[in-house]
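Before any comments, here is the structure.
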Amino acid sequence: MTSRETRTQVVIVGAGPSGLLLGQLLQRQGIDAVILERRSADYVLGRIRAGVLEQGSVDVLEHAGVAARLHAEGMRHDGVEIRFRGRRHRIELKALTGRNVTIYGQTEITRDLMDARVASGAPSVYEAEDVTLHDWDATSPRVSYREHGVVHEIACDFIAGCDGYHGVCRASIPLERQRTFERVYPFGWLGVLADMSPPWAELVYANSECGFALASMRSRTRVRCYVQCPLEDRVEQWSDQRFWDEFRRRMGEEIADRVIGAPSIEKSIAPLRSFVVEPLRFGRMFLAGDAAHIVPPTGAKGLNLAISDVFYLHEALRDFYCARGDRALDEYSIRCLRRIWRAERFSWWMTRQLHQFPGDAFSRRMQETELEYLFDSPAAQESMAENYVGLPLEQAGVSMPV
Ligand code: FAD
Ligand code: PHB
């Protein structure tokens, strides 16, 4: 086995949205980076995940020069609906906050970023095996990996850990240097993707006696729908027929009448978890996106947080390479964590209000009271809307213009 050595400024581990977007933002600043991804590009593109973008995320993608298709094909939504025991309430996002959300799948963002990277000629290595971090705590870190049986080593100034919850970067840090916070929820989400013109104009979140359901979409011809399911369930237990029957039951009339159960083109079960690691910086290694935090999908914040993390990280690296010093690198963790904890709070709150939990009568009354308060109080609706459209990204202490 031969060994080859190269050098770059930043090694990015992971080619999910965090890694690809960071690569694109750095490339536009003239900062060299190599992306190392464990899977194939097709595998990464085949993962069906998030679909809702905050206005701030759209702004960052625009800033990165990858928003042309997003603007052409993304769907702007000015509200979302919450259903609870026969009551329906539209949260007027635009009227309450002046902002909206954009429906555009994570798969499409990933494709746009991959295309931009190929066009720029910047290097990415897919199917990189045994990615290993060396000397991340020293001034000259290195990252090694194996490709086609050949071991490569890249010397760099910084490592960006964009490798998701199960990645190697956080796992390389001794446990005594990390503080982690976690909550695991006692259910999962069964998600189905199907080709069908959405019979709903905006997203509908339903808390029914049978459990949570969400009616979402990816385009004018494709829907994404979810139902809360037991954690132990397997996808094979859920035929399309069973899924659509359950979805209709939970959504209630009007929608149930209009849903013709189209065949699923993807079906998967995701567990729900809240997780944060502190800090996000370990010597010369910086964590971003799901490598640093997980939110339950109820608030649609996972992808948006990944985007804000890498926006802050690219600014900090830009300052370093423009000889503006280390201050932004030193502040990276604190800056991200402020936003991360607020998104964690909101996702936890949405999850608590909208799911059926095994629990006592007091908790059920609290959930009921909370939702009724939300439906009746313009102040509560404004608070929800403000969080759903996304809290503003800060730029060096001031809000980023939108
Ligand atoms: P990831 O997308 O996980 O990307 C990390 C990348 O690193 C992957 O490509 C992985 O293959 C690679 N990698 C891992 N280990 C290594 C290694 N050792 N070496 C090299 N590469 C490595 N959010 C929402 O807002 N709404 C949703 O509906 C939603 N659904 C989700 C469903 C699932 C099953 C999951 C897992 C997440 C979901 N999310 C959702 C969250 C959202 O998709 C994530 O927040 C987002 O993908 C984070 O992007 P990331 O780039 O940080 O991480
Ligand atoms: C999705 O479309 O996949 C989606 C939308 C909103 C959420 C979660 C997932 O809160």
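Atoms within a ligand are numbered from 1 in the order they appear, just like the ligands themselves.
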Just distances here: any N/O of Y388 and N/O of ligand 2 closer than 3.5 Å? no
Please determine whether any non-hydrogen atom of M350 lies less than 4.0 Å from an atom of ligand 2. no
Polar proximity ligand 1 side, G302 side, N/O cut 3.5 Å exclusive: yes
Which residue supplies the protein heavy atom nearest to atom 34 (C) of ligand 1, what is that atom called, and how far is it? A270 CB, 4.0 Å
Once you restrict to heavy atoms under 4.0 Å, what part of C162 touches ligand 1? Side chain, backbone, both or neither. backbone
With a cut-off of under 6.0 Å to the ring centre and 45° to the axis, is R281 in cation-pi contact with Y332? no
Considering both backbone and side-chain atoms of R47, is one of its nitrogen or oxygen atoms within less than 3.5 Å of a nitrogen or oxygen in ligand 1? yes
Under a 3.5 Å threshold, yes or no: a donor from one side chain and an acceptor from the other, between Q367 and H355? no
Less than 4.0 Å is my threshold; does some heavy atom of A300 fall inside it relative to ligand 1? yes
Is there a side-chain hydrogen bond (donor to acceptor under 3.5 Å, both in side chains) between D290 and H166 once you walk through the steps? CA-CA 9 Å; D290 278 17; H166 299 288; over 6 Å; no
Contact check: Y165 vs ligand 1, nitrogen or oxygen atoms, below 3.5 angstrom: no
Ranked by distance from atom 11 (O) of ligand 1, the top protein heavy atom is E37 OE2, 2.6 Å
For ligand 1 and V131, I'd like to know whether there is a polar contact (N/O to N/O, distance under 3.5 Å). no
Hey, which atoms in ligand 1 end up nearer than 4.0 Å to a heavy atom of G164? 3 (O), 5 (C), 53 (O)
Within the supplied structure, the quantity of interest is the number of heavy atoms (other residues, nucleotides, ligands) at a distance under 6.0 Å from R142 CZ; does it exceed 12? yes
A student checking ligand 2 against A300 at a 4.0 Å heavy-atom cut-off should list atoms 6 (C), 7 (C), 10 (O)
Taking N or O atoms only and a 3.5 Å limit, does Y205 qualify as a polar contact for ligand 2? yes
Ligand 2 and L203, any nitrogen or oxygen pair closer than 3.5 angstrom? no
Nearest non-hydrogen protein atom, atom 24 (C) of ligand 1: A50 CB, 3.1 Å
Is it the side chain, the backbone, both or neither of V295 that has a heavy atom closer than 4.0 Å to ligand 1? neither
Hey, does T298 have a side-chain heavy atom less than 4.5 Å from the side chain of L272? yes
Among protein heavy atoms, which sits nearest to atom 20 (C) of ligand 1, and what does the distance come to when rounded to 0.1 Å? R38 N, 3.2 Å
Heavy atom of the protein closest to atom 47 (O) of ligand 1 (residue, atom name, distance): Q106 NE2, 2.8 Å
Tell me whether the guanidinium CZ or amine NZ of R273 lies under 6.0 angstrom from the six-membered ring centre of F275 and within 45° of its axis. no
Please state which part of Y226 comes within less than 4.0 Å of ligand 1, counting heavy atoms only: side chain, backbone, both or neither. side chain
To the nearest 0.1 Å, how far is atom 35 (C) of ligand 1 from its closest protein heavy atom, and which atom is that? R49 NE, 3.4 Å
Are H134 and S144 linked by a side-chain donor-acceptor pair shorter than 3.5 Å? yes
Under 4.0 angstrom from ligand 1, any heavy atom of R224? no
D376 bridged to R87 by N-O distance under 4.0 Å: yes
Please report whether the ring centroid of Y226 lies less than 6.0 Å from that of F247. no
Polar contact flag for R224 and ligand 2 (N/O pairs, less than 3.5 Å): no
Does F158 have its ring centroid less than 6.0 Å away from the ring centroid of W136? no
Quick one: does D290 get an N or O within less than 3.5 Å of an N or O on ligand 1? yes
For R352, does the CZ atom sit with more than 12 other heavy atoms under 6.0 Å from it, leaving out its own atoms? no
R170 NZ/CZ over F282 ring centroid, <6.0 Å and within 45° of normal: no
Near R49 (heavy-atom distance under 4.0 Å), the atoms of ligand 2 are 3 (O)
